[in-house]
Structure formats: C-alpha cells, structure tokens
Protein chains: 2
Amino acid sequence: MREEGVLKPASATIRDVARHAAVSVASVSRALNGHSNVHPDTRARVLASAKSLGYVPHAGARSLSLARSHAIGVVLPDLHGEFFSEIVRGMDREAGAHGYHLLLSNMHADAELAAQAMRSMRGRVDGLIVMAPQIDATGLDEALPAGIPTMLINSPDSTGRGAMRVDNRAGIDAIVRHLLASGRRALVHVAGPAGNIDARERREGFLAAMARHAPGQPSRVIEGNFREEAGERAVATLLDEGEAVDGIVAANDMMALGALQALREAGLDVPDAVAVTGFDDVPLARYMGLTTVRVHLADMGARAVARLIDALEHPSDRPGGDTEWLTPTLVVRTTTTERTDP
Amino acid sequence: MREEGVLKPASATIRDVARHAAVSVASVSRALNGHSNVHPDTRARVLASAKSLGYVPHAGARSLSLARSHAIGVVLPDLHGEFFSEIVRGMDREAGAHGYHLLLSNMHADAELAAQAMRSMRGRVDGLIVMAPQIDATGLDEALPAGIPTMLINSPDSTGRGAMRVDNRAGIDAIVRHLLASGRRALVHVAGPAGNIDARERREGFLAAMARHAPGQPSRVIEGNFREEAGERAVATLLDEGEAVDGIVAANDMMALGALQALREAGLDVPDAVAVTGFDDVPLARYMGLTTVRVHLADMGARAVARLIDALEHPSDRPGGDTEWLTPTLVVRTTTTERTDP
DNA sequence: CCGTCGTCTGTAACCGGTTACATAGACGCG
DNA sequence: CGCGTCTATGTAACCGGTTACAGACGACGG
C-alpha cells in the first residue's frame, strides 16, 4: 500500500507534458527533438510545459524505441592501477565528445564470466570494446556476442572485428637494440603470465630480437606475471644462481620496478652494473627514471572508441574489420644510461 | 562443433522463442526467470528453444518494464590518473559483486555540464554517485535530479542525500602534529584550487592546526591547483623570497611531488633542510617515499556503491541521508624522516 | 455429479518513448 | 466552386520485455 505523505516527485512522462500543453505526445516528441514540422507556437507551449513539469526524457525508453542507446560497453580484465585508468580515461574522453556513455564491466580472467558480462550488455549498449589478452582465440570467438559491433584491444584476432594492437615485437626489438648499443650483452627477459597474448608476443619478440641482433649470445627467460613481486623474485633467482647479467628486459613496467628495487637493495648499481627496462610507460615510470617503451594507453582507448563510433554511425562503410597497430616508442631514462643533467 | 546453417544477424526476441517452443511469451518469461508456476516440461522446452536460437534477453526492454536497470551512474570531475582509477576500481568491484553495472560520465568543472550529464542518465540508472568537489552547495542542489537515489562523494552537503566525506581537517592535523613533533616550525601550506571543497577544508585545517598546536608561529599559505607544476612554482616562490621554511604541507600528493623535485633541483636536502608532505597517498607516493595521509580511495568508492545499492534494495529503510566520514591515516615516509632500513 | 480449488497457460495491458500514416485546415488556382 | 498541395497535428502501432487477470483443466470432497 502506498501511503505517500507528501506528493511524490515521480518524474513526469511525455504524456504528462502532452496533457499539460494540450497537445498530443507526437507533437511533444517532435517539439523536443527539434523536428521542423512543428508550429512555433506549439513548440513554445511544449517547451514551457516541459520546463514547468521538470520533464527529463527517459533514456531507457528512448533507446528502446530508437534501437540506439548511445552507450558503449567496455569489458576489461582485472587491470592494475595506471593501466586501467589511462585506457578508461582515453575512452571516456572520446566517448563524451561524441555524446556517448561508457558502461563498465570488469571481468576476471575466466572466459565464461567474460561471456556472461558481454551478454548482459545486450540491449543497453550500441557497441562493445573488449580487451581480453588472456583468452585464446576460440574462447574469445565463442564469448563474443554476434550482431553487435565490437572493437578488440590487445586480444586474439576474431574474424570480422576491428582491433587495436600494440606492436609488442617492435617495442621489444627497440629495447634490445638500445641495450646492445650501450654495450650490454647478457640480457634476461622477465616474462608475463602464460596465456596472455601481450606477454607471449613480448617473449617471442625478445628471443627473435636476440637471435637477430646478437646471434650466439645466450638469451634467458624467467617466468613472471606482470606484478611487481615477480620482478623482485626474478632478481633473487638470478642472484642465487650467481649468473652474469648486465641487462634485465621486463615484460612490463611494474616487474621492471620490482627488479630495480631488488637490485638496489642487493647493492647492485643500476645502470652501471645492470640495466633495467620496462614496457608500457605508465606514469610511474617517469618518476622512477625507468627506460621503457611508451604505448600511449589513453590514445589507444580513445582511438578504439572513435573507430567504434564511426562504425556505429556509418554502418554503410566497410565493416572496419581491420587491425590497427600502434608502434610503441622507446623512452630512454636513467635505468639504462647515466643521468645527464637536464 | 556447431554448424552455421542460416546466419541470422538480427537477435532473437522473446516472441521468437515463444513461437519456437510453441508457448506464449508469458511462459517464456516465467520459465527463463525461474518462476515456480511453470510445468517442468514447458520449462525444458523453453530453455532448449532459447539455447538453440541463441536468445539473449534485451536488458533495455527488461529494465523499462521493471523500472529497474541494475546500473549505477557515476559522475566524476576530470580527475587525474591514480585518483580516478582507484575510486572507479573500488566502485566497479563492489558493483560487480552485486550484479550492477557502472555507467560513467565525466564532467568538466562546469555545473551546467554536470547537470546535463546527470539528466542524461534518467531512465538508464537506478541510482547516482556524484563527486563534485568544485561545485558549491546551491549549484549542486540545482544540478542533482530529484527522485533518484544519490550518494555524494567529497561534495558539499545536499539535504537528504547520503554522502561520503574525507575528514580533511583530521588528516592535515595529523600531518601538522607530525611535523611539529619532528622539530619543524616554519611550515607553509600549498593550497588546492579555490572553490574545491577538499582544498578549502585542508587549507582551513592547516590554519586551525597551526593555531592550536603552534600558537604564535606564522603560518603561510601559497595558492596552488592540485597539479604537479603548482608544487614546483610554490618552491620557486619561496626560494625567490628567501624565506626560511623547514616544512611544506601540500594539499595533495602531486603538488608535494612537484615541490620535492624542485627542492632537490635547487640543492636543498629533503628531509634534512625541508620536510615535504602530501595528501591522498596515491600509489606513486610510496615509490617516492612521500610522507602523506592515506585516504583509501578504492574503499571509499566501494563503500559509496555499497550504501547506494543498500538504499536501492531496501527503500523501506531510513533514507540513508547521513554523511559517513573517513578518517585518513598518517603514513610516514622518507620526506619527513631519515630513511631507516626496513 | 457438481462445486471448489490448485496448477498451468494465454491474452493483453502496461513501461515511456518514436514515428508511419491518416486527417484537418489553409491556401492557390483553373 | 472544386480540387490538389502543403503544413501541422493526432492516432495508434511499434520497440522487447513483465505480469495482472482470466480461463482451461484435473483432482478432490461432499
């Protein structure tokens, strides 16, 4: 039983406005949406009524009848700090500029949960941006809902979808060349988690770069998981084994920072004794003087949104199913070269 | 392995399922939503049809008829890096755990745009989380849509809304006491932007703490804007004037880091010559050894979501219009005390 | 054998917008 | 004066779900 002491501030509907302005709902709709075939007097009356009733259109109803929600679903893995914020911020900026909203849904490595998350977005988003580096190609294909425009970021290829990819091999190649050029020879790669596509490409890129630019040199890989502690553990392992190392190529910045800290705590000078490099160029890297390659995460997110919106608003164009590669740029800082005063 | 016979691009609706299973839409709806009054045979037939058609319920339509969207609108100012990601992550975690989505909308300092953003969420979210530290109380009251449950974060009070607030005065008080206890006397506060409620409270907190704990000491305030450069500029100003200073109390971490860098470039030792403190404890602060107060941003976001969802699902309870204060905790690092090996 | 009850199902009216189509006037013209 | 055109408006059918209500049917008790 509804016992409302005061009058309930239930939002006005378009029919309330129509009644108040003594016109039909069609005229209200036309007036509010700026259609041309509305008499100026009618439009004025409608606008006045809408304002006086505090009418705000019901976006849900609107998108149901238009089959257009002006929202973009974003499905990301459980990302850490800066990585997450940079990407989302780039997306948000671009989406906002085009009048779109972002509907977020995190997903935990599991492909089944990812599929679940994507399904639950049917009917509330116009398109999807999916980042699933840890899911294999067939798993991804099964999880992706059909019939909704989708952009993939750093995920396995899926036929017919647009994609944004970081050129991991080129990035690692630049790192390796830089280290070799500065005289380092005994390089070790601290890899990312198995099953992650970026981690895999960086590992392969490392081995390929070594084979190409320093044939004959041994190239070692230590397993990691993209987390800071993995970098520390990798250094501990190397020290335990007493192996000669003068360069550590981490698969991402956080592991590089872990390694950096462990090296310094062990009394080894960076970069004199050992050089350290990362990957991604999170903001933290600049503060810590970490040499790395810059990915421009925000731009990648923004670009993904821009392409998706373009595909949404010009469906006539080709399906946009191509992959755009972003080439990361080398950023040399003090973990590989002496500080030179600016 | 499934054969792709006829490729049906348009998604199936509940009526398609009903036709396929030779039942009414009502039965399909009941079967899929687990109502009890459905014959087991019917339910099985419906589920089979739904699966074979690849049916996924249309969330938009569903929320229209249920007047429930299971989405929470999030309106944030244009936040920087870690601050943004920490809060959003906390919210996302909590929302996901309760089966809610987050609908993001950035807003640029302008109150009018904020109002716009909130209005555009009518009908697609069940509740709103708003963080508007830069809008004054009356502006906020006008912008907030009526009739939708709202939680405020670090915003001016608005009657009848729940709120989460950081106890800025307590945080600054702890900082000031810590500095005074370590023998510093000539403290300077680098303030945040005018109009920002957190900035204002921290400034007032600084003056109050100085008056209380070090009466007679001069207490100076330099204007800033929460950005790194403002910290650098503040130091430049102090050096120009040749004023004696042994402690800089920045209104947030980024300005503290800017000041830290400027001091070191000027050849002044931190903490020996000058101590530096921040506010927020962004992850970066730990790496830079910055003494600060920790706000637990993620927890604040999560708590805001939890309270909002609670209010949504138990509307019978009291309107939840009270303010929850989070007391930040002092984190002492090397910018105020000598490094002692851990 | 009939009335009652409980279980299962279908019809149709919502939710709050948009818009195709029909229609009513106003106007111009032969 | 009759007819075609054009403009402004209203009616009602959507969009894709949920659910109140009513009806069909079988079981059960009297």
Side-chain angles (χ1 to χ4, degrees), chain A residues 10-47 49-50 53-71 119-126 145 147-148, chain B residues 8 10-46 49-50 53-71 119-126 145 147-148:
Chain A
S11 330
T13 74
I14 197 174
R15 282 164 235 269
D16 297 328
V17 177
R19 196 174 314 124
H20 188 273
V23 295
S24 73
V25 291
S27 289
V28 175
S29 177
R30 285 188 282 250
L32 293 178
N33 289 310
H35 289 206
S36 59
N37 50 349
V38 182
H39 192 93
D41 293 353
T42 306
R43 186 188 306 276
R45 225 170 47 249
V46 167
L47 290 178
S49 295
L53 293 178
Y55 171 71
V56 178
H58 188 289
R62 189 152 201 272
S63 73
L64 178 59
S65 92
L66 289 177
R68 215 74 186 343
S69 65
H70 275 262
R119 262 196 296 275
S120 74
M121 290 194 165
R122 144 112 210 268
R124 54 173 48 153
V125 301
D126 295 334
I148 171 170
Chain B
K8 191 170 187 180
S11 331
T13 75
I14 197 174
R15 282 165 235 269
D16 297 327
V17 177
R19 198 175 313 124
H20 188 274
V23 295
S24 73
V25 291
S27 290
V28 175
S29 178
R30 286 188 282 249
L32 293 178
N33 290 309
H35 289 207
S36 59
N37 50 348
V38 182
H39 192 92
D41 293 354
T42 306
R43 186 187 305 275
R45 227 170 44 250
V46 167
S49 295
L53 293 177
Y55 172 71
V56 178
H58 189 288
R62 189 151 201 272
S63 73
L64 178 58
S65 94
L66 289 178
R68 215 73 185 346
S69 65
H70 276 261
R119 262 196 297 274
S120 74
M121 290 194 165
R122 143 110 211 269
R124 54 173 49 153
V125 302
D126 295 334
I148 170 169

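Just so it is clear, the structure is predicted and the values come from calculations on it, not from any experiment. Below, read A as the first sequence line, B as the second, and so on, with proteins coming before strands; counting in each chain starts at 1. Values below: every heavy atom of this structure, side chains too, minus hydrogens, waters and symmetry copies.
Residue A:Tyr55 places its side chain closer to C:dG17 than to any other of C:dG17, C:dT9, C:dT11. With C:dT19, D:dC15, C:dG10 as the choices, the nucleotide that has an atom nearest any side-chain atom of A:Ser29 turns out to be C:dT19. The side chain of B:His39 lies closest to C:dT9, out of C:dT9, C:dT11, D:dA8. Out of D:dC15, C:dT18, D:dT9, the shortest distance to the side chain of A:Leu66 is found at C:dT18. The listed nucleotides are D:dC15, D:dG16, D:dG10; the one nearest the side chain of A:Ser27 is D:dG10. Comparing D:dT18, D:dG10, D:dG17 by their nearest atom to the side chain of B:His58 picks out D:dG17.
Between B:Ile14 and A:Ala26, the one whose closest nucleotide on DNA chain D sits nearer the 5' end is A:Ala26. Between B:Asp41 and A:Gly60, it is B:Asp41 whose nearest contact on DNA chain C lies nearer the 5' terminus. Of the two residues contacting DNA chain D, namely A:Thr42 and A:Arg15, the nearest-nucleotide position lying further toward the 5' end is that of A:Thr42.
Using a 4.5 Å heavy-atom threshold, the side chains of B:Ile148 and B:Asp126 count as separate. Residues B:Ser11 and A:Arg122 meet the side-chain proximity criterion, which asks for heavy atoms closer than 4.5 Å. Using a 4.5 Å cut-off on side-chain heavy atoms (C-beta onward), B:His20 and B:Leu53 make contact. Counting heavy atoms from C-beta outward, A:Leu64 and A:Arg124 have side chains that stay 4.5 Å or more apart.
Between the CZ atom of B:Arg124 and the C1' atom of C:dG16 there is a distance of 14 Å, rounded to whole Å. Computed from coordinates, the B:Arg68 CZ to D:dG16 P distance equals 24 Å when rounded to whole Å. Rounded to a whole Å, the NE2 atom of B:His70 is 14 Å from the C1' atom of D:dT18. Spacing between atom CG of B:Leu64 and atom C1' of C:dC15 amounts to 4 Å, rounded to whole angstrom units. Atom P of nucleotide D:dT19 and atom CG of B:Leu32 are separated by 13 Å, given to the nearest angstrom. One atom, CG of A:Asp16, and another, C1' of C:dC15, lie 13 Å apart when rounded to the nearest Å. If you measure from atom NE2 of B:His35 to atom P of D:dT18, you get 8 Å, rounded to the nearest angstrom. To the nearest angstrom, P of D:dA8 lies 14 Å from CZ of A:Arg45.
Dashed line: the shortest gap from a side-chain N or O of B:Arg30 to OP1 or OP2 of D:dT18 is not under 4.0 Å. Dashed line: the shortest gap from a side-chain N or O of A:Asn33 to OP1 or OP2 of C:dT18 is under 4.0 Å. Between B:Ser24 and C:dG10 there is a side-chain N or O to OP1 or OP2 distance below 4.0 Å.
Between the side chain of A:Arg43 and the backbone N or O of A:Ala31 there is at least one donor-acceptor pair closer than 3.5 Å.
At a threshold of 4.0 angstrom between heavy atoms, the contacts of A:Val38 are confined to the sugar-phosphate backbone, with no base atom among them. Within the nucleic acid shown, B:Val25 comes within 4.0 Å of at least one base atom, counting heavy atoms only.
Tested against B:Val25 for a side chain to side chain contact (heavy atoms under 4.5 Å, CB included), the candidates B:Asp16, B:Ile14, B:Val17 yield a single pass: B:Ile14.
In this model, no side-chain donor or acceptor of A:Arg122 finds a partner on the base of D:dG16 within 3.5 Å.
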